[in-house]
Amino acid sequence: MAYPFTEIEKKWQRYWAENKTFKTPDTFDPDQKKFYVLDMFPYPSGSGLHVGHPEGYTATDIIARYKRFKGYNVLHPMGWDAFGLPAEQYAIETGTHPRVTTEKNINRFRQQLQAIGFSYDWDREVNTTDPAYYKWTQWIFVQLYKKGLAYLADVPVNWCPELGTVLANEEIIDGKSERGGHPVYRRPMRQWMLRITEYAERLLNDLDELDWPESTKEMQRNWIGKSEGAEVDFKVEGHDQLIRVFTTRPDTLFGATYMVLAPEHPLVHEITTDEQRPAVESYIREASRKSDLERTDLAKEKSGVFTGSYALNPVNNKKIPVWIADYVLSSYGTGAIMAVPAQDERDYAFAEKFDLPIIRTVQPPEGFEGKAYTGDGPAINSSFLNGLGVKEAKEKMIVWLEEQGSGQRKVNYKLRDWLFSRQRYWGEPFPVLHDGKGHTSVVDEAELPVPLPEMEDFKPRPVKENETEPQPPLSRAPESWKYYEKDGVVYRREFNTMPQWAGSCWYYLRYIDPHNDEKLIDPEKEKYWMNVDLYVGGAEHSVLHLLYARFWHKVLYDLKVVSTKEPFKKLVHQGMILGETEYTVYKKKDGRYVSFDYVSTLSPEELENQGIQAERIDESLIVKSGDFFVLAEDKNIRVDARSFKMSKSRGNVINPDDIIRQYGADALRMYEMFMGPLEAMKPWSMSGVEGISRFLNRLWRLFIDEDTDTLSSKIRKEIRADAGQLRVLHQTIKKITEDIENLRFNTAISAMMIFVNEANKWPELPLDVMKTFLILVNPFAPHISEEIWQRLNLEDILARQHWPQYNPQLLEVDEVEWVIQINGKIREKIKASKKIPRETMEQMARQQGRIPSLLAGKTIRKIIVVPGKLVNIVAN
RNA sequence: GCGAGGAUGGCGGAAUUGGUAGACGCGCCAGAUUUAGGAUCUGGUGUCCUCAGGGCGUGGGGGUUCGAGUCCCCCUCCUCGUACCA
């Protein structure tokens, strides 16, 4: 029979809530050490919590409880990232207002989180859709506007007709919307932009000092994409305008044999000759009609059209043709390039296709057989650069260009300004007023927040045709909201709303001072609590959320609202939890099995044609043969074994509520941590949960007599622990402490299991040892440990105890097992004191057991003694 | 293509600075208890052989070392990210 976890867990959850056990006081002693441990707050979706959420949340909860035991003032809050597309779409699907569904979802999420026993300070809960919260999101926008970091611009945007909104570059994956996978097209639109590019250099440099996963830092570096080179101006024959290009290889300028403009480049129309105009215009039309996906992924083959004009290469005044091609992106650099086919693979492919000249300006090494050569080497065919290496040639060319006035040194970033408006209802309204004459201003800070108007019909209007201007839902808001009169002037409010990232850019600050009406955050509190000491969340936010939040943080730093340059000192990503491993066997229509090694070579169509179908098969019918799994009944039939991402369509989603009902919250927490390293991707296993559940029951029975439901008579208050018991306890303290510090929760749990296995062998259990052990268990399994603590009739509650410290002297074991090796192979073992000197050890080893006979007839060359571990005799 | 990470029993995973590979859990096998159990307890469990012993074993190949999962070189495969960024 299982211990009464349901009853116990409810009891303690109620106790913690009623007594506000984990409340972080508003006032604090500035000298007390603090620890701010933060989770990425969830998006309260309609489907509730899944098992991925409690993974990171349990990890941070363990840290929070551990740090409290260690005497830290701990901030461990939770809130809701509740604006955004999915909430709105869910609301549309169910025909209810997003405010209603959002509130319902939040209540469900909160209740689910509380059922897991997380020690959040619920008095600090924040909600991005609360006017008292988004007042400050709008306030930050006002500051951005005043600093010139927010501006309206006609920009080519990523327009998603299905969603009826524009999307940021980061919200597009493989040319499709991240949400829903709808096609995305480029079209110009007047939009709010945030000048994140102004912070590019700082966002790049400050990464170095962060304790973040290297992969995440690297992704941000790539996203920012700094490259150094030069801008060069090319005259266009017969025109006044110059074509400016960015290049990282100014040293190859003598090899520039043509130029390419992006189809959207503003000079295209002007320089196109009448003769070429029809071809050019049809190419531009084609390009604009292509989605990003078609333009990149499918366009392996280069395409382009000659404009009819020629540019003059500034180094030698040679005439070179100007083309347009969609392999040049309008959004990067200047939207135009000088093409150097001999030293650039893309240009080479283009030149080859359109038969354009190729001039080598870097001497490739002997035997080089490739086409474009991008490596280092002496400059050739390059007049005053000849003989120089790439690096020197670059330098010399930049100096020359600057002297001639036809170019200059330039640092370029891939990072573009942040497209900050969305044509949606469920988002923060912009605190912006339009005067109707093309002039904008921001709302007075005293009048914030600008509320989101109450609307019946908040649905977006999908716009299929690129030519029609989209109408955001707020354009249909009540007149009283839409217009605003001040000093006799009637202003129109902004109809776009902010993207979902806005609210999550700064929420970690609001937790510190969640109810402040006067300020975003009190400076004293900010100074005490920042930085976030540990931030745990999914790797999917590596660039989006984490880059935007860093940007806003730096702006707030410049405004002196915050005192730290970076918000999150240490970052950890929890790994994804996959569904239970599935074994799949393949069958033909006639029921005959087909081996997976054959099936895996087939395309889906071929599978269909041959009538081969997949069938899930139970693990017990499978054996391993070599490197593969095969059918036990026919070892020639290979079976596919893998774990899939949890998804509704696959039907492999685990609901934490079910686990809690069957095994309890402590088992859920423990299992999530026991599965493997926090950062690793790992498959769910129901029998693994059962294993943990058995452990918790064993732990319970160690203390509680099941028959009588009273304290076990083995627990003895008056007896003193013997050396062996103390050693086991202190080894456990050491192991668990070090493992928690290093976020190695799986091995910490294994240490608890070892302790319980040991303690089960003891005829009597010294109370002192057992209560210390309960403290060690508490961060992981807070309910069961607290309940046992109470039944032991101990002082106060467990949550207010102190973390034990291990005594190194108690860890010492005198007698250890030594290994005796001959030529590195283990031949004998000896139990002996650790303190025996090397020489004695060596003597003992030579006489031990079979060693003398094994050494017979051999010459000892060397003997290696590692004290406390081994003796290795080298002989031949 | 590029960047990052990884490969250890039937499975999830352990293994401080190179020093007893496989901790802990699952699964499996045997036994005990039980009216019964998918409950509990005890023991076993990398693999092979001629089994009181020995050989082989951390994706593959080479190297350094008395000694390599761990260090060096080459290769294969997997995962994640990214992709015409001039």
Side-chain angles (χ1 to χ4, degrees), chain A residues 1-2 173-174 213-219 221-223 225-227 229 245-249 252 260 295-297 299-300 302 325-329 331-340 343-347 349-350 412-416 539-540 542-543 573 575-576 581 619-620 622-624 627 629 641-643 671 674-677 679-692 694-695 697-698 701 706 735 738 744 746-754 757 760 817-826 829 850 861-864 866 868-875:
Chain A
M1 201 185 68
I173 293 169
D174 295 336
E214 204 44 54
S215 59
T216 303
K217 291 206 263 186
E218 199 54 30
M219 276 166 83
R221 284 187 196 111
N222 291 340
W223 192 264
K226 181 179 181 174
S227 52
V245 302
F246 171 72
T247 178
T248 54
R249 294 294 302 273
T252 62
V260 185
R295 248 175 101 156
T296 57
D297 224 44
K300 295 274 177 260
K302 295 269 182 292
D326 64 5
Y327 85 91
V328 172
L329 308 174
S331 47
Y332 183 76
T334 60
I337 62 155
M338 62 178 216
V340 188
Q343 273 86 226
D344 184 286
E345 276 156 25
R346 296 152 300 178
D347 296 345
F350 192 85
N412 199 43
Y413 298 92
K414 217 160 93 183
L415 182 72
R416 281 164 254 163
E540 65 273 20
S542 294
V543 265
H573 300 303
M576 200 197 308
T581 305
E619 202 183 339
S620 59
I622 288 163
V623 291
K624 193 151 186 181
D627 288 338
F629 287 97
R642 49 178 294 208
S643 320
Y671 176 66
F674 190 60
M675 291 172 83
E679 301 92 329
M681 183 185 281
K682 45 216 170 246
W684 187 267
S685 154
M686 237 19 182
S687 26
V689 180
E690 277 167 19
I692 282 289
R694 277 202 281 271
F695 165 69
N697 279 295
R698 241 179 1 254
R701 288 195 304 268
E706 274 207 295
K735 179 81 179 130
E738 289 171 357
R744 291 187 303 239
N746 53 333
T747 48
I749 291 170
S750 115
M752 291 174 206
M753 291 171 168
I754 292 168
N757 291 346
N760 259 319
E817 196 177 51
W818 294 66
V819 176
I820 303 163
Q821 299 176 328
I822 294 176
N823 296 332
K825 297 203 172 183
I826 297 159
K829 291 178 180 180
R850 301 174 297 124
R861 302 286 173 195
K862 199 172 175 184
I863 297 184
I864 291 121
V866 183
K869 291 228 163 99
L870 60 82
V871 179
N872 187 12
I873 303 168
V874 186

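What's counted below: heavy atoms across the whole structure, side chains too, no hydrogens, waters or symmetry copies. In the text below, chain A, chain B and the rest are named by the order of the sequence lines, each starting its count at 1.
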Exercise. Reckon A:K624 has a side-chain N or O less than 4.0 Å from the OP1 or OP2 of B:C11?
Worked result: yes

Problem set entry | Nearest-nucleotide 5' precedence on RNA chain B, A:S750 against A:A336 | A:S750

Problem set entry | Residue-phosphate contact under 4.0 Å: A:K682 side-chain N/O, B:G12 OP1/OP2 | no

Problem set entry | Protein-nucleotide distance (A:F629, atom CZ; B:G27, atom P), rounded to Å | 16 Å

For this session: With C1' as the reference atom in both, quote the distance from B:U33 to B:U42 in angstrom, rounded to an integer.
Result: 11 Å

Problem set entry | Parallel, tilted or perpendicular, as decided by the 30° and 60° cut-offs, for the rings of A:F246 and A:Y332 | perpendicular

Seminar exercise, completed: Parsed dot-bracket for RNA chain B after applying the Watson-Crick and G-U rules with both distances under 3.5 Å and | for other-strand partners is (((((((..(((......[....)))((((((.......))))))((((...))))..(((((..]....))))))))))))....

Exercise. Between B:G12, B:G53, B:A14, which nucleotide has the shortest distance from any of its atoms to the side chain of A:P683?
Worked result: B:G12

For this session: Examine B:C41: is either OP1 or OP2 under 4.0 Å from a nitrogen or oxygen in the side chain of A:R694? Give yes or no.
Result: no

Problem set entry | Between C1' of B:U82 and CD of A:E218, the distance in whole Å | 11 Å

For this session: Give a yes-or-no answer on whether the side chains of A:R642 and A:T581 include a donor-acceptor pair shorter than 3.5 Å.
Result: no

Problem set entry | Reading 5' to 3' through nucleotides 15-22 of chain B, protein heavy-atom contacts under 4.0 Å coded B for base, S for sugar-phosphate only, - for none | ----BBS-

For this session: Name the nucleic acid region contacted by A:T581, choosing base, sugar-phosphate or nothing; use a 4.0 angstrom heavy-atom cut-off, strictly under.
Result: nothing

